[in-house]
K.L.:
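Structure provided below as structure tokens; questions to follow.
The model shown is predicted, which means the values in this text are computed figures rather than measured ones.
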Amino acid sequence: MNLILFGPPGCGKGTQAKKLVDGRGMVQLSTGDMLRAAIAAESELGLKVKDIMARGDLVPDEIVIALIEERLPEAEAAGGAIFDGFPRTVAQAEALDAMLAGRGKKIDRVVRLLVDEPELLARVTGRFEQQGRPDDNPETFVTRLAAYNKQTAPLLPYYGNTGKVREVNGMGTMDSVAAEIAAALDEVEA
């Protein structure tokens, strides 16, 4: 099964993806985690994207598409992928569909985590104070949220027309959100 977790920065996609990795054995393909790892390793890619991410801007499509394509074989071997933070644009969604189709696969479910933006800002501010992630500071978060709303929101009609989208209350407890996601996935497997 190939799943997209869809929602704004800080909505809990990563937390829920980790629950699915543990519970269902899927592979989490988090572009954010991959890019942060490249920055920490000071790789060529990391140096290229460090300033982009620090400003809260979206990393260019060709970079994130290449990252995903590189990890697809691992996800296929595990029985499926959780796309976390990807796709973020219609161009990325089209590239993902083409990559998967070329491998005889498709997106099976899109789960949209619905959140309250002021509550989300409070959540991210707390995470910044606890973990110190530079892309989580409140000023950068506002920029990331604006970029999400402008560039990623068009994915709703793109996937909405497929009948694959299920909306989940992302403001619930971690367990209640996980239960709603599990129910959405079980519909596909039934």
Side-chain angles (χ1 to χ4, degrees), residues 1-37 39 53 56-59 64 67-68 71 75 78 80-89 92-93 96 107-156 158-160 164-188:
M1 172 179 298
N2 290 307
L3 161 72
I4 295 173
L5 285 177
F6 187 65
C11 74
K13 294 183 301 289
T15 298
Q16 293 302 324
K18 285 174 183 40
K19 285 184 163 290
L20 291 167
V21 167
D22 293 341
R24 295 186 183 237
M26 299 168 79
V27 171
Q28 177 187 13
L29 299 180
S30 166
T31 53
D33 288 350
M34 289 185 254
L35 291 167
R36 281 187 289 279
I39 290 168
M53 290 181 66
D57 294 337
L58 293 180
V59 173
V64 291
L67 280 172
I68 292 295
R71 298 277 310 276
I82 305 157
F83 296 97
D84 165 11
F86 181 87
R88 290 201 175 179
T89 64
Q92 288 179 5
L96 177 60
I107 294 299
D108 299 293
R109 176 66 74 214
V110 177
V111 173
R112 179 181 180 209
L113 298 174
L114 300 173
V115 296
D116 176 70
E117 288 187 8
E119 174 75 22
L120 197 57
L121 178 58
R123 182 188 292 179
V124 168
T125 299
R127 187 166 73 181
F128 174 71
E129 290 168 357
Q130 291 173 353
Q131 299 173 11
R133 262 179 43 183
D135 59 328
D136 268 350
N137 77 61
E139 296 79 25
T140 301
F141 175 75
V142 170
T143 301
R144 291 173 65 207
L145 188 57
Y148 168 82
N149 286 329
K150 179 180 178 190
Q151 296 176 318
T152 308
L155 287 169
L156 290 175
Y158 181 86
Y159 286 113
K164 296 177 183 181
V165 177
R166 295 296 177 272
E167 293 185 338
V168 169
N169 176 10
M171 300 309 291
T173 66
M174 278 191 275
D175 289 339
S176 68
V177 174
E180 284 190 56
I181 291 172
L185 298 183
D186 290 344
E187 288 175 0
V188 174

K.L.:
What do the steps show when you test Leu96 against Ile4 for side-chain contact (heavy atoms from CB on, under 4.5 Å), and what is the final call?
P.N.:
CA-CA 11 Å; Leu96 177 60; Ile4 295 173; 4.2 Å; yes
K.L.:
Any heavy-atom pair between the side chains of Leu120 and Cys11 that's under 4.5 Å?
P.N.:
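Contact flag for Cys11/Leu120 side chains = yes.
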K.L.:
Which one of Thr15, Leu113, Asn169, Val111 satisfies the side chain to side chain contact (heavy atoms under 4.5 Å, CB included) criterion with Val177?
P.N.:
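Checked Thr15, Leu113, Asn169, Val111 against Val177; only one passes side chain to side chain contact (heavy atoms under 4.5 Å, CB included): Leu113.
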K.L.:
Using modelled atom types and a 3.5 Å cut-off, is there a donor and acceptor pairing between side-chain atoms of Asn2 and backbone atoms of Ala81?
P.N.:
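A pair under 3.5 Å: yes.
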K.L.:
Taking all non-hydrogen atoms of both residues into account, name the closest pair between Val27 and Ala78 and its distance.
P.N.:
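Scanning both residues completely, I find the closest heavy atoms to be CG2-CB, 3.4 Å.
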K.L.:
What distance separates Leu29 CG from Ile68 CD1, expressed to the nearest 0.5 Å?
P.N.:
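The CD1 atom of Ile68 is 5.0 Å from CG of Leu29, to the nearest 0.5 Å.
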K.L.:
Measure across Phe6 and Leu156 and return the closest heavy-atom pair with its distance rounded to 0.1 Å.
P.N.:
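Where Phe6 meets Leu156 most closely, the heavy atoms are CE2-CD2, 3.0 Å.
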K.L.:
Measuring from atom CD of Glu167 to atom CG of Leu114, what distance do you get when rounded to the nearest 0.5 angstrom?
P.N.:
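Rounded to the nearest 0.5 Å, the CD-CG separation comes to 4.5 Å.
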K.L.:
Just verifying a value: how many Å separate Phe141 CZ and Arg123 CZ, rounded to the nearest 0.5 Å?
P.N.:
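One finds 9.5 Å between CZ of Phe141 and CZ of Arg123.
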K.L.:
Looking only at heavy atoms, what is the nearest atom pair of Asp33 and Arg36, with distance?
P.N.:
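Taking every non-hydrogen atom into account, OD1-NH2, 2.9 Å.
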K.L.:
Is the closest side-chain heavy-atom distance between Lys18 and Gln28 below 4.5 Å?
P.N.:
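They are in contact (side-chain heavy atoms under 4.5 Å apart), so the answer is yes.
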K.L.:
Kindly indicate whether the side chain of Glu180, heavy atoms from C-beta on, has any atom under 4.5 Å from the side chain of Gln16.
P.N.:
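A side-chain contact is absent here, since even the closest heavy-atom pair is not under 4.5 Å.
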K.L.:
Which pair of non-hydrogen atoms, one from Gly10 and one from Val124, has the smallest distance, and what is that distance?
P.N.:
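Looking at all heavy atoms of both residues, the shortest contact is CA-CG2, 3.8 Å.
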K.L.:
Which heavy-atom pair separates Pro8 from Tyr148 by the least distance, and what is that distance?
P.N.:
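Scanning both residues completely, I find the closest heavy atoms to be N-CZ, 3.5 Å.
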K.L.:
Decide yes or no for Asp175 and Lys19: does some side-chain heavy atom of the first lie under 4.5 Å from some side-chain heavy atom of the second?
P.N.:
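Result yes, sub-4.5 Å side-chain heavy-atom pair found.
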K.L.:
Taking the side chain as every heavy atom from C-beta outward, state whether Thr31 and Val59 have any atom pair closer than 4.5 Å.
P.N.:
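Answer no - side chains too far apart.
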K.L.:
Quick one: CE on Met1 to CG on Asp186, what's the gap to the nearest 0.5 Å?
P.N.:
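Rounded to the nearest 0.5 Å, the CE-CG separation comes out at 8.0 Å.
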K.L.:
Atom CG of Leu145 and atom OG1 of Thr140: how far apart are they, to the nearest 0.5 Å?
P.N.:
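Separation between the atoms: 12.5 Å.
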K.L.:
What verdict does the side-chain contact (heavy atoms from CB on, under 4.5 Å) test give for Phe83 and Ile107, after you've listed the backbone C-alpha separation in whole Å, the side-chain angles of each residue and the deciding distance to 0.1 Å?
P.N.:
CA-CA 10 Å; Phe83 296 97; Ile107 294 299; 3.9 Å; yes
K.L.:
Quick check: does any side chain N or O of Lys13 sit under 3.5 Å from a backbone N or O of Gly7, one acting as donor and the other as acceptor?
P.N.:
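Answer holds: yes.
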K.L.:
Measure the spacing between CG of Leu185 and CD1 of Ile181 and express it to the nearest 0.5 Å.
P.N.:
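Rounded to the nearest 0.5 Å, the CG-CD1 separation comes to 7.5 Å.
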